[in-house]
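Step one of this worksheet: look at the structure below.
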Amino acid sequence: MSCCFNRSVILIKMNFQIPSHHLSASVPALAVPQASDTVSLQSSILAVLESCKSPSEIKQVHALVVKTPPLQTQLVYNAIIQGLSSSLEAVAIYREMLLKGLFPNDYTLPFVLKACAQARALSEVEQVHAHAVKSGLLASNVYVSNTLMRAYAVCGLMSDVRKLFEGSPRRDVVSWTTLIQAYVKMGLQKEGVGAFFKMCEAGFAADERTLVIVLSACAKLGDLSLGRRLQAYIQENGVKRDVFVGNALVDMFLKCGDAALAHQVFKDMPVKNVVSWNSVILGLAQQGNFKEALRVFKEMQRVGVRPDDVTLVGVLNSCANLGLLDSGKWVHAYIDKHDIRADGFIGNALIDMYSKCGSIGQALNVFQGMKLRDVYSYTAIIVGLAMHGEAKWALDIFSDMSETGIEPDQVTFVGVLSACSHAGLVEEGRRHFENMSSVYGLEPQPEHYGCLVDLLGRAGLFAEAEEIIRRMPMEPDAFVWGALLGACRIYGKVELGERAMKRLLEIEPEREGAYILMSNMYSSEGKWKDAIRIRKSMKERYMKKVPGCSSIELDGKVHEFRKGDKSHPKMKEIWKFLENLASHLKSYGQEDI
DNA sequence: TTAGGGTTAG
């Protein structure tokens with residue numbers, strides 16, 4: 001190996017900086033046994049290295065090695081690099097090793113590459129790549145080629161990963177798994193799955209680690225039939241069904257929309273951990289089955305599994321969507337009690353929960369108390385304020401956000417535009433819509449056009465709204481036509497409303513909203529015949545208005561109210577209160593409530 | 001002594 005290894009090339013290529021503390025040996029805190037000859041001295045130091053419990057202890061041994069030339073061997077350097085392979089310090093030691101005239105071997109490079117990959121240090125990866133080629137280790141050792149593939153994958157260089165894979169003289173199941181994972185990490189799920197089938201054709205047996213990655217790709221694709229094939233593969237090929245495979249299966253079935261299968265796999269798992277529970281809770285929440293998500297959370301607590309921050313995000317999301325303020329507050333108290341940092345995911349979920357549960361003040365408290373805010377935090381509070389009619393405030397926070405340098409994304413603009421729409425800020429709304437692409441490089445999506453049409457329509461600017469729809473680069477969706485129809489209803493624009501309804505029904509023939517808006521419009525314009533015609537055609541299509549439903553939580557009990565449902569025991573009092581409220585509002589000039 | 005694994009928001 002060493003005969004073809006040109007050290008001068010390496011010395012020129014390796015230009016890493018060695019941190020000074022590696023060169024100035026400090027007083028070693030570890031006692032090294034005195035040994036009479038070099039060999040036993042080396043085995044002593046190796047034993048000490050093996051007993052080291054922290055990187056700082058290893059660095060102390062390294063200081064001793066620097067002072068003791070007989071200890072400067074390939075074996076000792078490998079052991080130090082191995083111990084420090086979770087930081088770039090391993091690379092500095094590697095360079096020092098080369099400067100001492102020592103060669104890397106098939107144990108050195110994987111650890112150095114692991115350190116490079118962890119730090120995403122591409123130029124170091126490339127330099128070590130050169131050494132791997134020069135030394136012949138890349139061609140001869142599959143560990144070296146696999147760790148190198150992984151390092152390029154982490155740096156996002158898919159073409160280099162593929163070149164290495166294709167040029168690799170020997171491939172094993174790890175090489176294939178690394179290739180598949182590189183594709184999946186890069187968002188190329190289909191290519192990842194394709195590589196899995198090629199791997200099978202090539203006669204390799206995928207193991208549980210491979211399957212976990214392929215299952216996660218399948219989950220992202222939402223491809224249930226592929227998921228079933230993978231489950232069959234696991235059964236037929238005796239893949240070990242450990243907790244990782246189980247969790248990946250649960251997540252996959254949930255994301256592919258088969259909650260029953262997910263639940264079956266979950267039930268059959270011999271060992272579950274917090275991730276298993278999280279997958280179920282989050283999966284159910286993502287499907288909109290918030291009540292079931294909360295039921296599973298209660299079950300999790302009953303069996304004594306401690307929730308982590310991921311669990312709490314799922315629970316908060318469910319509370320937010322069910323309007324369960326008290327439960328949300330309970331989670332908040334839990335977070336405070338257990339000293340879980342409310343920055344990042346948790347903080348953003350709290351903002352969303354409070355604002356969806358109607359407590360915008362609390363949402364603002366959380367937002368203001370956060371030390372680290374990201375685009376999600378800003379978007380959550382902007383959307384929340386817009387929802388609560390605090391348009392001006394929402395826009396102020398948007399301008400604060402611009403000053404911090406955090407780039408808004410497409411969802412942020414949904415919040416900004418809907419704030420403008422609620423406050424009737426036509427000019428400002430137009431400007432933000434324009435800025436989306438010209439300043440922030442974001443292409444407006446149908447929902448942004450929907451907001452703009454809503455804004456213009458509410459302001460009575462129908463010609464401009466129609467022009468916007470005509471100029472849309474994509475087909476207008478139901479939100480866009482719905483926004484136009486809603487505005488027509490306000491202004492009694494019957495003809496335009498009919499056109500909007502027609503388009504809306506082409507897209508969503510089964511939705512009753514358009515019929516109801518249109519029939520209300522006919523009624524308020526005195527066109528009773530038309531109103532009756534619409535209602536009749538709804539009946540012919542067997543459409544029934546899905547009763548609107550709202551719920552509040554009081555003292556831990558959820559009260560649900562549906563349109564036309566008088567079953568609540570305190571219905572009389574509630575109606576009386578609402579009537580008082582309505583007359584109170586009318587006295588303030590609100591006529592149409 | 002060496003390589004590849006699941007869940008997280010607006």
Side-chain angles (χ1 to χ4, degrees), chain A residues 46 49-50 75-76 78-83 85 104-114 117 137 141-151 153-154 172-182 184-185 206-216 219 240 242-252 254-255 269 272-283 285-286 307-317 320 344-353 355-356 363 367 373-384 386-387 408-415:
Chain A
L46 287 173
L49 276 167
E50 208 173 320
L75 216 53
V76 170
N78 277 354
I80 294 170
I81 289 170
Q82 184 186 340
S85 68
N105 70 3
D106 46 349
Y107 286 94
T108 323
L109 294 189
F111 288 113
V112 176
L113 284 165
K114 186 181 167 198
L137 287 167
N141 187 280
V142 71
Y143 282 82
V144 173
S145 56
N146 288 347
T147 41
L148 195 53
M149 271 174 69
R150 163 113 181 130
V154 165
D172 61 8
V173 61
V174 179
S175 324
W176 281 98
T177 308
T178 307
L179 177 75
I180 295 167
Q181 194 196 29
V184 177
K185 275 264 155 73
D207 65 10
E208 58 275 12
R209 287 183 173 221
T210 321
L211 259 304
V212 164
I213 294 162
V214 183
L215 284 167
S216 80
K240 208 173 107 205
D242 62 13
V243 69
F244 285 92
V245 172
N247 290 346
L249 273 170
V250 169
D251 179 57
M252 181 277 292
L254 276 165
K255 295 228 167 87
M269 281 171 71
K272 299 183 184 80
N273 60 13
V274 63
V275 177
S276 327
W277 290 91
N278 290 351
S279 294
V280 175
I281 291 168
L282 287 159
Q286 269 155 15
D308 65 6
D309 49 345
V310 181
T311 326
L312 299 175
V313 167
V315 174
L316 282 171
N317 184 249
F345 280 95
I346 288 265
N348 299 340
L350 277 171
I351 295 173
D352 185 49
M353 182 277 292
S355 81
K356 286 212 175 97
F367 177 77
R373 303 188 189 105
D374 60 12
V375 58
Y376 292 98
S377 333
Y378 277 97
T379 304
I381 198 70
I382 289 169
V383 170
M387 229 160 40
D409 67 11
Q410 287 170 332
V411 188
T412 320
F413 275 101
V414 172

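All chains are named by letter (A, B, ...) in the order of the sequence lines, taking the proteins before the strands, and each is independently numbered beginning at 1.
Using a 4.0 Å heavy-atom cutoff across all strands shown, D374(A) reaches at least one base atom of the nucleic acid. Counting non-hydrogen atoms under 4.0 angstrom, Q286(A) reaches the backbone sugars and phosphates but no base. Within 4.0 Å (heavy atoms only), S85(A) reaches no atom of the nucleic acid at all. Residue contacts shown for D172(A) include a base, since a base heavy atom lies under 4.0 Å away. Using a 4.0 Å heavy-atom criterion, one finds that T311(A) contacts no nucleic acid atom at all. Using a 4.0 Å heavy-atom criterion, one finds that D409(A) contacts the bases of the nucleic acid, with or without backbone contacts as well. Contact annotation for Q82(A): base contact, defined as any heavy-atom pair under 4.0 Å involving a base atom. V173(A) comes within 4.0 angstrom of a nucleotide base, judged by non-hydrogen atoms across all strands. V144(A) comes within contact range of no nucleotide atom at all, as no heavy-atom separation falls under 4.0 Å. Across all strands, K185(A) comes closer than 4.0 Å to no nucleic acid atom at all (heavy-atom distances).
Remark: R373(A) is positioned above the aromatic ring of F367(A), its terminal NZ or CZ atom under 6.0 angstrom from the ring centre and at most 45 degrees off the axis.
Taking CG of D207(A) as the start and CH2 of W176(A) as the end, the distance is 14.5 Å to the nearest 0.5 Å.
Residue V383(A) places its side chain closer to dG10(B) than to any other of dG5(B), dG10(B), dG4(B). Which of dG10(B), dT8(B), dT1(B) sits closest to the side chain of V313(A) comes down to dT8(B). Considering only side-chain atoms of A380(A), the nucleotide from dG4(B), dA3(B), dG10(B) that sits closest is dG10(B). If you check dA3(B), dG5(B), dG10(B) against the side chain of D352(A), the one that comes closest is dG10(B). Comparing dA9(B), dG10(B), dG4(B) against the side chain of N348(A) picks out dA9(B) as the nearest. Closest approach to the F111(A) side chain among dG5(B), dT2(B), dT7(B) is made by dT2(B) (side chain taken as heavy atoms from C-beta onward). With dT8(B), dG4(B), dT2(B) as the choices, the nucleotide that has an atom nearest any side-chain atom of F345(A) turns out to be dT8(B).
The nearest whole Å value for the distance from the CG atom in N278(A) to the P atom in dT8(B) is 9 Å. Note: CD (E50(A)) to P (dT2(B)) measures 11 Å, nearest angstrom. Nucleotide dG4(B) holds its C1' atom 14 Å from the NZ atom of K240(A), rounded to whole Å. The nearest whole Å value for the distance from the CG atom in N78(A) to the C1' atom in dT1(B) is 9 Å. Distance I381(A) CD1 to dG10(B) C1': 11 Å, rounded to the nearest Å. Protein atom CH2 of W176(A) is 18 Å distant from nucleotide atom P of dG5(B), rounded to whole Å. Distance OH (Y376(A)) to P (dA9(B)): 8 Å, rounded to an integer number of Å. Note: CZ (R150(A)) to P (dG4(B)) measures 5 Å, nearest angstrom.
Under 3.5 Å, the side chain of T379(A) and the base of dG10(B) form at least one donor-acceptor pair of N or O atoms.
You can call Y107(A) stacked on the base of dT1(B); the centres are under 5.5 Å apart and the planes sit within 30°. Judged by ring centres under 5.5 Å apart and planes tilted less than 30 degrees, F244(A) stacks against the six-membered base ring of dG5(B).
Judged by distance alone, the side chain of N317(A) and the main-chain N or O of A320(A) form no donor-acceptor pair under 3.5 Å. With hydrogens and angles disregarded, a donor-acceptor distance shorter than 3.5 Å links the side chain of S85(A) to the backbone of Q82(A).
Side-chain N/O atoms of N141(A) and N105(A) include no donor and acceptor closer than 3.5 Å.
Dashed line: the shortest gap from a side-chain N or O of N317(A) to OP1 or OP2 of dG10(B) is under 4.0 Å. Between K114(A) and dT1(B) there is no side-chain N or O to OP1 or OP2 distance below 4.0 Å.
For S276(A), the side-chain hydrogen bond (donor to acceptor under 3.5 Å, both in side chains) test picks out N247(A), N273(A), with sequence neighbours left out. Not a single side-chain hydrogen bond (donor to acceptor under 3.5 Å, both in side chains) links D309(A) to another residue, sequence neighbours left out.
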